[in-house]
Number of protein chains: 4
Amino acid sequence: MPLSHKQMKAMEQKREKILEQAILLFAEQGYESTTIAKVAKAAGVSFGSVFTYFENKDQLFYHAVTEPLEKQYREAMLDFNPNAEDLLTEIKSMIDKHITIFIEMRTYLQLVVQVIGQHTKFPEPFKVLDEFSLTFILKLQKIIRNGQKSGVLEESDEDLTATAYLGFLLGIRLTFTDYAVSRVREKFKIPAFQLLYPKR
Amino acid sequence: MPLSHKQMKAMEQKREKILEQAILLFAEQGYESTTIAKVAKAAGVSFGSVFTYFENKDQLFYHAVTEPLEKQYREAMLDFNPNAEDLLTEIKSMIDKHITIFIEMRTYLQLVVQVIGQHTKFPEPFKVLDEFSLTFILKLQKIIRNGQKSGVLEESDEDLTATAYLGFLLGIRLTFTDYAVSRVREKFKIPAFQLLYPKR
Amino acid sequence: MPLSHKQMKAMEQKREKILEQAILLFAEQGYESTTIAKVAKAAGVSFGSVFTYFENKDQLFYHAVTEPLEKQYREAMLDFNPNAEDLLTEIKSMIDKHITIFIEMRTYLQLVVQVIGQHTKFPEPFKVLDEFSLTFILKLQKIIRNGQKSGVLEESDEDLTATAYLGFLLGIRLTFTDYAVSRVREKFKIPAFQLLYPKR
Amino acid sequence: MPLSHKQMKAMEQKREKILEQAILLFAEQGYESTTIAKVAKAAGVSFGSVFTYFENKDQLFYHAVTEPLEKQYREAMLDFNPNAEDLLTEIKSMIDKHITIFIEMRTYLQLVVQVIGQHTKFPEPFKVLDEFSLTFILKLQKIIRNGQKSGVLEESDEDLTATAYLGFLLGIRLTFTDYAVSRVREKFKIPAFQLLYPKR
DNA sequence: AATGAATGAGGCTTCATTCAT
DNA sequence: GATGAATGAAGCCTCATTCAT
């Protein structure tokens with residue numbers, strides 16, 4: 001007898017709840033200090049249930065890293081058009097989005113930083129992040145090049161500039177405590193823009 | 001019987017060896033995955049000796065985070081003069097140093113990133129890093145302000161600019177794998193300089 | 001509503017399939033390493049169904065041990081006539097049957113060996129085997145005694161001889177790997193016969 | 001500082017105590033049902049200490065199976081001379097020893113039976129037992145052949161006869177409960193001898 | 001000071017059994 | 001009757017810390 005629609009829905013929600021709490025705990029306490037028991041408790045789920053939805057702790061971590069990227073951030077981060085008519089507006093709008101996303105991603109970014117910082121320990125999740133970063137940078141390069149051609153940006157090495165831009169986005173997460181970040185969120189658009197060598 | 005000078009020296013070296021390997025392992029494998037046994041083995045020292053020189057694992061980590069800062073990086077990072085005559089040259093030289101230091105700090109930075117990323121887990125080491133970051137940014141602000149006054153830099157919010165500059169330094173560590181970083185080390189001076197709004 | 005004949009049949013077959021795979025797995029992997037999930041999968045049956053047909057794992061094991069005995073081996077092992085006219089032929093035919101059965105019982109014997117070897121762990125199944133062994137030995141004693149009386153066998157302690165004969169049957173299962181056993185199956189009739197002290 | 005002789009001795013004894021209890025428990029309760037905690041308790045040792053002396057449960061089992069063989073049984077089982085002057089006496093003395101050993105080995109044999117019965121689960125220990133069995137059978141064949149040449153034994157296939165003899169030794173362990181075995185120990189020499197086809 | 005054995009708490013994982021659908 | 005999700009007890013193993021030598 002297959003599961004009813006209702007049951008499927010309930011399971012989906014349970015899985016979501018577990019993953020959500022796992023992301024939170026992994027981000028705040030790190031991989032090792034986050035125990036399955038803590039995740040289960042935080043998600044209001046029995047200990048064994050975590051293993052119903054995720055093969056083991058490694059897999060839980062993997063999904064905690066990759067699912068938010070695939071379900072939310074990938075699309076949002078790549079939501080800009082390198083061939084837009086009005087490139088200046090497009091670039092400014094892009095920066096606006098990126099800063100907003102990175103501010104919102106606070107918790108998730110702590111996870112990302114762990115994976116990148118210790119990529120030998122987390123090869124599988126790292127691979128996914130690394131591939132996304134390549135995709136992101138390539139698209140960034142395109143809009144930068146087009147911006148330069150259309151006279152909106154000064155000349156610069158587009159590979160370097162794109163990389164610097166991404167590095168900056170990741171880096172600001174590490175300079176401030178949570179409170180401060182939100183206080184200055186608006187302001188960070190300015191240096192981000194500056195990094196792209198705008199024409200004055 | 002007091003220890004001879006020779007003995008003191010030998011102990012000093014033993015402690016140094018342990019700390020060195022601890023930094024390496026903490027950086028690469030993280031706090032939890034680094035066991036005392038691994039550190040002892042890597043340092044070529046007996047298991048029990050680690051506890052002779054460091055009270056416990058927490059303390060070992062604390063010293064792994066703080067001693068390199070105090071003994072090497074603090075001075076080097078702050079080695080620039082906000083009141084120099086030729087501010088353009090001073091700023092360029094400062095950027096040169098900072099980039100060089102950050103490239104060399106590779107391993108240590110992985111430690112820093114861990115502490116900042118999970119500062120609730122590591123409150124003591126974080127406090128030290130946070131205080132240094134404040135000191136650093138304050139001195140940065142000063143040179144930026146003076147640069148602006150002397151017409152070397154365009155006008156900008158110096159707090160924001162200094163923070164962006166530090167964020168950028170931290171961030172580039174996260175964008176590249178080790179190989180790539182050293183390949184492009186020279187280039188990163190350019191966007192770092194750009195972040196300070198140089199006058200053209 | 002009573003179940004139709006067809007349904008009854010289907011259930012009977014399902015039970016049979018489960019038991020069959022359980023015997024195989026218990027024999028090869030032992031009691032603890034055989035999980036209900038493995039049995040269900042091997043039998044092509046849902047996890048829960050195993051519990052529909054067998055109260056719990058203990059019961060499943062019990063039936064795995066006892067049903068083959070009752071349904072196949074008991075009758076075959078006891079299929080000889082201590083009062084036959086031609087006792088020499090009867091004994092030789094009996095040995096032939098026993099060797100053949102023990103070769104065929106390969107898998108099942110692994111189960112038996114487990115139960116006997118750790119009878120404190122499996123008291124219920126052991127009891128059944130023990131009782132059968134008594135029955136078997138008593139009937140063996142009878143044919144041996146009659147063989148001696150009719151001058152076909154030399155004199156010997158019939159209790160000891162019967163026990164030695166059974167021990168031999170069980171033991172040869174343990175001396176050879178599976179391949180070798182089948183290779184020499186014919187030959188084992190000879191020492192088995194010798195154990196009964198044939199008159200020359 | 002190396003360990004003192006006294007300490008070494010104490011450790012040796014501790015290891016022995018653990019192994020001794022492990023053999024007992026593995027034999028009686030089987031591999032899975034024997035927990036490290038039980039072994040530790042039975043040996044009067046802390047849980048963690050078991051892991052000081054044995055890498056893991058698998059290794060503990062391996063040593064439980066192989067060490068008694070190497071330290072006691074191998075030599076005793078092979079202690080007969082195929083080239084003795086008086087072969088009849090040598091063979092009878094050999095049988096006497098073998099039966100005595102097998103009676104004494106009671107507990108250990110339960111272990112052996114487990115390993116042979118489920119050799120796919122215990123490949124490493126099985127290999128050791130299998131190799132010993134080959135050595136044993138080869139030496140047995142030699143004494144049987146010499147017995148036949150010197151007219152002490154009737155002609156027979158010496159490979160088959162040697163195998164049957166070993167099978168018998170293993171098998172009698174499975175026919176009786178512990179009490180009964182010791183009661184009839186003397187008697188079992190008779191069928192064992194009979195299996196070698198003595199000349200009358 | 002140096003060594004490494006002893007300890008046991010705590011984490012991951014497995015799995016028999018229950019039970020709602 | 002059939003299914004498989006839910007549960008938590010129990011096992012193996014790791015490892016920080018203690019301490020005797």
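Just so it is clear: chains get the letters A, B, ... in the order the sequence lines come, proteins before strands, and each one is counted from 1.
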Polar side chain donor-acceptor pair, A:Ser49 to A:Thr52, under 3.5 angstrom: no
Rounded distance in Å - CD (B:Gln13) to P (E:dA2): 13 Å
Set of residues satisfying salt bridge (charged side-chain N to carboxylate O under 4.0 Å, His left out) with respect to C:Glu70, sequence neighbours excluded: C:Arg74
For atom NZ of D:Lys9 and atom P of F:dA20, their distance in whole Å: 24 Å
5′-ward residue of the pair D:Asp58/B:Asp58 relative to DNA chain F: D:Asp58
Non-neighbouring partners of C:Phe122 that pass ring pair (Phe, Tyr, Trp, His ring centres under 6.0 Å), sequence neighbours left out: C:Tyr31, C:Phe61
Which residue lies more 5' along DNA chain E, comparing C:Lys57 with A:Glu32 via nearest heavy atoms: A:Glu32
Polar side-chain atom of D:Lys14 near backbone of D:Ala43 as donor-acceptor pair, under 3.5 Å: no
Nearest-Å distance for atom pair CG/C1', residues B:Asn56 and F:dC19: 16 Å
Among F:dT7, E:dA1, F:dC13, the one nearest B:Met11 by side-chain distance: E:dA1
D:Gln21 side chain to D:Lys38 side chain, donor-acceptor N/O pair below 3.5 angstrom: no
Counterpart residues, ring pair (Phe, Tyr, Trp, His ring centres under 6.0 Å), relative to C:Tyr53 (two or more places apart): none
Rounded distance (Å) that lies between atom C1' of F:dA6 and atom CD of A:Gln7: 12 Å
Nucleic acid contacts of residues 35-53 of chain A, taken as heavy-atom distances under 4.0 Å to DNA chain F: A:Ser46, A:Phe47, A:Gly48, A:Ser49, A:Thr52, A:Tyr53
Touch class at under 4.0 angstrom, heavy-atom based, for B:Thr34 against every strand present: sugar-phosphate
Under-4.0 Å side-chain N/O to phosphate OP1/OP2 contact, C:Lys14 with F:dA2: yes
D:Leu25 CG - F:dG11 C1' separation (whole Å): 15 Å
Nearest-Å distance for atom pair CZ/P, residues A:Phe61 and E:dC12: 13 Å
Nearest heavy atoms of C:Leu25 and C:Ala42, plus distance in Å: CD1-CB, 4.1 Å
Atom-pair distance (NZ on C:Lys17; P on F:dA2), nearest Å: 16 Å
CD (B:Glu67) with more than 12 external heavy atoms under 6.0 Å: yes
For A:Lys121, all residues meeting salt bridge (charged side-chain N to carboxylate O under 4.0 Å, His left out), sequence neighbours excluded: A:Glu32
Watson-Crick or G-U stems involving DNA chain F, each at least 3 pairs long, distances under 3.5 Å, ordered by first number: E:2-21 with F:2-21
Nearest-Å distance for atom pair CG/C1', residues A:Leu60 and E:dC12: 12 Å
